[in-house]
Amino acid sequence: MFFQTLGGIMSEYPFAEVEKKVQEKWENKNVFAMSQNPRNKYYVLEMFAYPSGDLHVGHLRNYVIVDLLARYYSQRGFDVLHPVGWDAFGLPAEEAAIKNKIHPRKWTEANIEKSRKTLKSIGIGYDWETEILTCDPEYYKWTQWIFLKLLEKGLAYQDTSLVNWCIKCQTVLANEQVENGKCWRCGSEVTKRELKQWFFRITQYAQDLLDDLEKLKEGWPEPVITAQKNWIGRSEGAEIDFSVMGKDAKLTVFTTRPDTLWGVTFAAIAPEHRLIGEIISDSDRKKEVEEYIKKSVMKTEIQRLSTVEEKTGVYSGVDLKHPLTGENVPLYICDYVLSSYGTGTVMGVPAHDARDFDFAKKYGLKMKEVIKPRQNTDNKESLEEAFTDYGILTNSGEFSGMNSEEAIPMIIEFLKKEKIGRGKVNFKLHDWLVSRQRYWGAPIPVVHCPSCGVVPVPEKDLPVILPDNVEDYMPKGKSVLAAVDSYINVSCPECGGPALRDPDTLDTFVDSSWYQLRYPDAKNSEKLIDSAKAESWLPIDKYIGGIEHATGHLIYFRFITKFLHRLGVIPCGEPAQRLFNQGMVCGSDGSVMSKSKGNGVEAGEFVGNYGADVCRVTTLFLAPPGRDAIWSEQGVAGAKRFLDRVWRLGEKYTAGVSNGKAGESDEKKLRRTMNLTIKKVTEDIENWGFNTAIASMMEFVNELVPFEDSSSYIFREAYETLLLLLAPFAPHIAEYLWEKAGKNEFVLKSGWPQYDPETVISESEEIGVQVNGKLRAVLRLPFDVTEDEAFSQAAESQNVKQYIEGREIKKRIFVPHRMISFVVKA
RNA sequence: GCCGGGAUGGCGAAAUCGGUAUACGCAGCGGACUUAAAAUCCGCCGGUUUAAACCUUGUGGGUUCGAUUCCCACUCCCGGCACCA
């Protein structure tokens with residue numbers, strides 16, 4: 001019996017027994033199962049997690065927040081979908097395999113089991129029937145299917161590209177695995193290597209991805225929208241052709257400032273540019289150029305990170321011809337020019353571009369001023385810095401005297417007519433490199449046949465199963481799978497002749513780019529998702545995760561959603577209606593909590609010591625969910641005391657004793673507090689103010705504790721209301737006490753209290769009185785006090801009197817329920 | 001360099017259509033209960049001060065009867081992007 005107060009000892013919330021019991025009850029009755037035909041759906045999801053093993057309290061925050069919402073919306077009568085899954089492919093499993101000789105699958109499954117246990121111990125209400133694992137063939141079958149569809153539509157292609165290569169590890173590294181130009185694992189220098197890779201043509205969706213950000217403005221945080229906008233990086237300008245002197249060749253540049261075309265004094269080309277070899281073939285500076293290229297390509301990574309100041313380059317020995325003036329334009333090879341953006345070649349306008357200015361100054365190149373500032377045209381003899389704003393064109397032939405804004409479209413039109421240029425829109429966004437020379441990922445469903453070329457695996461043969469019989473996971477310069485004969489050798493689906501499977505696997509961002517579509521129909525073996533299910537559950541209503549995914553996952557996620565939408569698989573073009581960025585939890589050292597830093601507090605251990613509900617309340621009370629927070633055990637005591645008091649209220653309720661009659665005014669006050677608390681908690685949940693919601697429940701409890709008559713109707717009503725409000729925050733204790741209170745239905749299905757606006761009005765309230773902006777008194781006045789009455793009462797108040805007496809009152813201000821203010825002449 | 005977020009008691013934080021700054025909690029102090037301690041309950045708790053008064057939301061200005069809230073300038077901290085022509 002939990003409800004006996006033994007020998008005067010104040011009882012505490014016996015979390016171990018209660019939480020176990022409640023969790024069993026939830027599980028037996030399958031309370032979190034998704035509805036098969038939702039009328040009023042609500043889909044909440046936290047961002048996909050990598051199963052790293054032990055969850056720490058930092059991870060917990062996210063789960064607890066989303067669970068709170070799921071439970072809240074359930075109580076509000078929505079059909080909630082709150083699923084869980086695991087982003088189970090990826091490098092760490094492989095690293096563990098190499099290090100500890102354990103199969104990546106085993107390692108991954110063991111970790112997932114561990115995390116599952118922790119999540120269950122916190123009482124997160126998932127429908128475990130819908131759980132997905134990206135390393136499950138039934139899941140990656142559809143990852144592969146999406147790949148085939150992209151291939152079919154020309155949105156997946158192979159191309160050679162320079163990739164990060166660690167010589168020591170003999171492997172390709174993703175950008176985020178390169179830290180300051182060094183390999184994240186072995187610390188040795190990373191070089192570039194040209195390899196054939198698979199890409200998704202996300203750039204084809206760039207404009208769409210950009211345009212639809214408009215639709216997300218209401219539901220997504222502004223910083224994410226901005227980050228995506230910058231990442232997509234649309235810029236309008238023109239491509240202009242420059243012919244190569246003495247050769248039948250031309251180079252095209254991209255510029256956003258065609259109005260500065262007359263100011264071109266040199267041109268610069270990226271060292272990696274594909275045409276360099278051809279252009280310098282008979283230059284007398286061939287040797288220097290080749291040396292420079294070799295040097296800059298090798299050290300690209302380090303340079304990118306360290307140099308912003310120094311620009312280097314080498315004269316190619318070749319000149320271009322200015323398309324308008326016919327003048328010689330020397331061509332330089334410069335590593336400040338990016339090969340991956342625009343055309344890999346730029347026109348140099350030192351007078352009007354800061355970078356070109358630096359370069360020209362260093363190499364003593366000419367500067368030609370062709371844009372004048374609109375205001376103060378004090379002619380300086382030599383330029384001290386580039387003038388990069390729009391202005392008035394000068395020395396620009398027939399366009400001289402025009403404003404940049406009007407000249408730009410006219411110049412583009414002119415270039416088009418002369419067939420030496422055209423308008424052009426460029427994006428910073430690059431095509432998405434999706435192949436990895438790695439084992440632990442979804443196999444790329446493609447066969448390479450010597451006679452038929454690249455042949456997609458027929459849909460009926462999906463999934464292409466990742467083989468388990470691998471002995472050595474150490475990459476040897478190519479994918480591990482290339483060495484698995486039984487896997488790699490296959491007959492061509494077209495001609496039946498001997499062929500090879502693609503040895504690469506897909507980037508894990510591909511796995512996580514569509515997972516939200518799978519939950520509503522996780523077991524469907526015929527389709528990615530049944531269209532009726534898609535119709536009734538998609539899109540996500542609330543999506544919660546860290547801002548660090550703003551330009552990675554969230555772009556891929558939107559892209560694949562859009563693609564599948566166009567394909568007719570799903571009804572929506574955006575994956576998530578609302579996005580919320582929860583803040584990070586930092587360890588006591590102030591840095592982000594993580595296993596590798598050793599500053600994590602293990603979740604399982606914490607729950608074992610204090611219980612799930614204390615853990616939840618502590619986490620939620622720590623700070624508002626959007627803000628970064630430093631973990632501290634200090635809050636635990638408060639959370640524990642709070643729940644212990646609730647527990648004792650339960651005893652008081654059960655006992656139903658009347659220690660003297662509560663006065664009418666006390667009852668009225670309690671009714672008022674109850675209604676105010678309902679209002680506050682409801683609004684706070686809607687506005688992500690979980691910490692203040694808890695604060696107001698604490699105030700409510702503080703009033704209930706000393707309330708005399710626990711057999712009174714109002715006490716019983718208030719207590720029951722408290723349990724309903726508390727349930728999303730501390731579901732175990734709420735559920736248990738709800739049952740003890742004689743309720744038959746789960747608290748989760750027992751509705752959400754409504755507040756009565758009438759009762760929150762109190763008879764009187766305290767109003768501050770200011771004189772010349774300084775607070776001089778606080779008066780208790782009737783709620784419906786008239787303005788005149790308020791002024792006269794205020795003026796009579798002792799302390800106010802001394803400040804206004806004998807002085808001319810210039811102004812009186814009355815703000816109902818808040819403030820009375822007098823302005824007097826000094 | 002550019003973009004974004006932040007700065008309020010000893011600590012986590014609350015209050016922004018401008019209206020009694022510091023709710024709630026932690027820590028601390030005092031008291032009740034107890035042989036005692038813990039737990040629990042009650043009270044105090046920004047600073048100078050007997051009170052009155054004055055000062056106080058990173059800094060300096062401004063608007064206003066009144067500014068944590070709005071405007072301008074700046075400092076520091078955190079995060080992201082980083083030669084995108």
Side-chain angles (χ1 to χ4, degrees), chain A residues 8-12 221-224 226-227 229-231 233-235 237 253-257 260 268 303-305 307-311 334-338 340-343 345-349 352-356 358-359 388 426-430 547-548 550-551 581 583-584 586 590-592 617-618 621-624 626-639 641-642 644-645 648 689 691-699 702 705-706 766-779 799 802 810-824:
Chain A
I9 296 168
M10 294 312 292
S11 56
E12 297 175 18
E222 193 270 334
V224 173
T226 310
K229 224 177 233 170
N230 293 339
W231 190 260
R234 184 184 202 271
S235 59
V253 304
F254 174 72
T255 180
T256 53
R257 294 296 301 273
T260 64
Q303 270 181 342
R304 281 234 173 106
L305 288 155
T307 66
V308 179
E309 329 87 53
E310 271 298 90
K311 305 209 180 324
C334 299
D335 59 12
Y336 78 88
V337 179
L338 301 175
S340 55
Y341 182 77
T343 60
T345 312
V346 300
M347 59 187 211
V349 188
H352 305 293
D353 181 279
R355 293 153 303 187
D356 297 344
D358 291 346
F359 186 77
T388 58
N426 257 323
F427 294 94
K428 282 206 296 197
L429 186 71
H430 293 155
I547 187 145
E548 66 272 19
T551 53
N581 295 129
M584 293 176 302
C586 301
S591 65
V592 182
V617 172
T618 304
F621 192 60
L622 187 65
R627 200 187 292 188
D628 290 348
I630 292 175
W631 178 258
S632 140
E633 303 262 323
Q634 279 195 352
V636 176
R641 264 175 222 156
F642 170 55
D644 284 344
R645 299 180 115 204
R648 273 179 245 123
N691 55 335
T692 47
I694 291 171
S696 78
M697 285 188 279
M698 285 173 165
E699 288 180 80
N702 289 347
V705 166
E766 290 191 324
I767 293 186
V769 185
Q770 291 183 351
V771 180
N772 284 355
K774 296 219 172 198
L775 185 72
R776 296 301 178 189
V778 177
L779 298 180
N799 206 30
Q802 61 176 309
K810 294 204 307 196
K811 204 167 163 190
R812 300 186 304 179
I813 298 141
F814 176 63
V815 185
H817 317 304
R818 295 212 183 261
M819 169 68 53
I820 296 163
S821 186
F822 294 96
V823 184
V824 299

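To find a chain, count down the sequence lines: A is the first, B the second, and so on, and within it residues start at 1.
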A/K774 vs B/C55: side-chain N/O to OP1/OP2 distance below 4.0 Å: yes

Which nucleotides of RNA chain B pair, in dot-bracket form (Watson-Crick or G-U under 3.5 Å, | meaning another strand): (((((((..(((......[....))).(((((.......))))).(((....)))..(((((..]....))))))))))))....

When we call it a touch if two heavy atoms are under 4.0 Å apart, what does [X] touch: a base, just sugar-phosphate, or nothing?
X: A/S696; value: nothing
X: A/V337; value: base
X: A/N426; value: nothing

For the student: nearest non-hydrogen atoms of A/S632 and A/L622, plus distance: N-CD1, 4.5 Å

Ring geometry between A/F359 and A/Y336 (parallel below 30°, tilted from 30 to 60°, perpendicular above 60°):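 A/Y336 vs A/F359 ring planes: tilted.
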
Distance-only donor-acceptor test, A/K810 side-chain atoms vs B/C65 base atoms, 3.5 Å: no

Separation of B/A82 P from A/N230 CG (nearest whole Å): 11 Å

Nucleotide of B/C65, B/A27, B/A23 approaching A/A695 most closely (side-chain heavy atoms): B/A23

Check: A/T255 and A/R257 side chains under 4.5 Å, non-hydrogen atoms: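 They are in side-chain contact.
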
Under 4.0 Å protein heavy-atom contact, by nucleotide of nucleotides 9-22 of chain B - B base, S sugar-phosphate only: ---BSS----BB--

Check the interface with nucleotides 41-43 of chain B: list each N/O to N/O pair with the protein under 3.5 Å, or write none.
residue : atom : partner : partner atom : Å
B/C41   : OP1  : A/R645  : NE           : 2.9
B/C41   : OP1  : A/R645  : NH2          : 3.0

Test item: A/D628 side-chain N/O and A/M584 main-chain N/O as donor-acceptor pair under 3.5 Å: yes

